[in-house]
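Report on one structure; see the data block that follows.
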Amino acid sequence: MEKRKPRNIFVHGAISTSFIAENIERHHSRHEIGGHSIFLGQVRADQVEGKTVSAIEYTAYEEMALEKMQAIRDDIFGKYELTCAHIYHSLGKVEAGGICLFVFTSSAHRKPAIEACSELVERIKAELPVWGKELFEDASYQWKENK
Amino acid sequence: MEKRKPRNIFVHGAISTSFIAENIERHHSRHEIGGHSIFLGQVRADQVEGKTVSAIEYTAYEEMALEKMQAIRDDIFGKYELTCAHIYHSLGKVEAGGICLFVFTSSAHRKPAIEACSELVERIKAELPVWGKELFEDASYQWKENK
Amino acid sequence: MSNPEISIMVFGQLTDITGTSSLQVPLQADSDSMKAELQKRYPALVYARYIMAVDRKPVTGNVSLSGQSTIALLPPFSGG
Amino acid sequence: MSNPEISIMVFGQLTDITGTSSLQVPLQADSDSMKAELQKRYPALVYARYIMAVDRKPVTGNVSLSGQSTIALLPPFSGG
C-alpha cells in the first residue's frame, strides 16, 4: 500500500462549539448529503472517594495514533457508503463540561452515517494510543480507564 | 394520565448551525454528562427525471405531532438512561443543503445517548404527522416519501 | 332536518385531491360513514393511501363522531 | 563492548513507574530481552498491564530490534 501522510485529528484543549458549528456549516454545499451523525465526548466530573474530577489531561502517541486512525478510516469507508467523516480528539487539559472528542459522519441516507459514527467511536476508544489523566480538585490524579 | 401541554419542536425554516452550537454549549454546565449523540437531517438535491429538488416545504398537523412526540419522549426516557433529549423539526421551506431535523440526546455514558438518538430518528420519521413537499427548480413538485 | 356541517382538516398530498386543507361536510354518525361521504365527494380518495384521525388519534375500526370531534385526513408521513 | 543505548517512549500510567516519558537503555537483540531488561530496572513493570510497540505496531510474539527501531511502552488506552 502506498504510504500517505495521515491527516491530523488532534486539537489542543477543549473542542469549541464554534469549531463544531463551522464544521457542520461547511457541509451545506454538499447537496448529496441527507443525514449527519455526530458524537461528542464530554469530560464528566466523576466522584471518586469523595473527590471530584475537575479536568482530564490527554496525551497520545501521536504518530501511531494517526496511522491507526487512517487505517480505521479506510476500514469504515470500505464498509459504509459515506460522503465524508471527520474526527477530532483533544490533547492537553480539558475541564469538566468541555468537549474532548468530536466524530462526524455524513451520508446520502441516514443509516450509514449513524452506524459508521457509532463504530468509529468504539474503535477510537479501544484502538487509539491516547491516555486520559483525571485531575482532581486537590491536584491529585488517577488514570482514566475505558470500559 | 395527567394532561400536560406538550413542548414545541417546530421551528420556521432551516435549523441554523448557530442554533445547534448554542444548544450544545448549554450542556457544558451539566457535569454528569459524558456523551452526546446528534442526528441532523439535511435536504438533499435529489434528481428526479432530469429535474433537481431545490427545497422541501414542510407542513404538519402540529397539535397531533406534539402530542405524539411527547409520548415518544416518555417511551425513550423509560427505556434509556438519558440526562436529556432535544428535538427540532423545520416547518415551511428549507433549501437544499439546509438542516431540517435536529435530534440531540445526552447521557453519562455513551451507549444510551447513541441508541436513543437513533431510535428517536426512526420514530420521528415513521410516527409524526409531518409532510415534505419536494419543490423542483421549475416550480413543479412531488410529495416526499419516507422509506 | 339536514346534518350540521363539520370541518375536516386535510394534509399533504391529499390536498391535491380536495384542493383545500379544510373541508366543510355534513356531520356523519361515525368514521366509516364519514369516509363513504368523503369518497362520494372526492372519488380519487378511493385510491389514495390515508388514515383518518379523530381527536388527534388514528382511527382503527369505526368510531362515532359528534359536532365536537376534530377530524383530519392524513396521508403517509414524510417528515425528517 | 557494551550495547549502544536506545530511547524508549513511555506513556500514560507507566510514567508513574519510570518517572519519565523517555528512557535510555542498552539495545537488546529482541523485544523479549528488552522487556526482561526493563523489568530488571523497573520491577513494578512486572505487575503493570502494557504492550510494547515497535515501529508503531503492537508487538505480538517476539520481534528483533535494531538501533533504528522505534520502541514504545503503552498501557491500556483511555482516549475519548
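On a predicted model such as this, the values are computed, not experimentally measured, just so you know. Each chain gets a letter, A, B and so on, in the order its sequence line appears, and its residues count up from 1.
- Proximity of the aromatic rings of B:F104 and B:F39 is defined here by a centroid distance below 6.0 angstrom, and this criterion is not met.
- For a residue to count as touching a neighbouring chain, one of its non-hydrogen atoms must lie under 4.5 Å from one of that chain's; by this rule A:V103 does not touch chain B.
- In this structure, the side chains of B:I56 and B:K93 stay at 4.5 Å or more apart for every pair of heavy atoms.
- Chain B forms more heavy-atom pairs under 4.5 Å with one residue of A:I20, A:I33, A:V43, A:I24 than with any other, namely A:I33.
- Ring-centre distance between A:H86 and A:H27: below the 6.0 Å cut-off.
- For chain A, no part of B:A14 is nearby; none of its heavy atoms comes within less than 4.5 Å.
- Interatomic distance, CZ of A:F102 versus CD1 of A:I38, reported as 5.0 Å (0.5 Å rounding).
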Handout entry: Verdict with supporting geometry, B:E57 and B:Y141, side-chain hydrogen bond (donor to acceptor under 3.5 Å, both in side chains)
Key = CA-CA 10 Å; B:E57 189 169 11; B:Y141 66 87; over 6 Å; no
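- For A:S29, no part sits under 4.5 Å from any heavy atom of chain B, backbone or side chain.
- Interface residue A:E25: backbone and side-chain heavy atoms are both found under 4.5 Å from chain B.
- Note: B:R110 leads B:E32, B:E122, B:R110 in heavy-atom pairs under 4.5 Å with chain A.
- Contact count against chain A (heavy-atom pairs under 4.5 Å) is highest for B:G34 among B:G34, B:A21, B:A96, B:G98.
- Evaluated for a side chain to side chain contact (heavy atoms under 4.5 Å, CB included) with B:S106, the options B:P112, B:C84, B:C117 yield exactly one hit, B:C84.
- Counting heavy-atom pairs closer than 4.5 Å to chain A, the top-ranked of the candidates B:S18, B:A108, B:C100 is B:A108.
- At a threshold of 4.5 Å between non-hydrogen side-chain atoms, the residues A:M69 and A:L120 count as touching.
- Contacts between A:A113 and chain B at a heavy-atom distance below 4.5 Å are absent for every atom of the residue.
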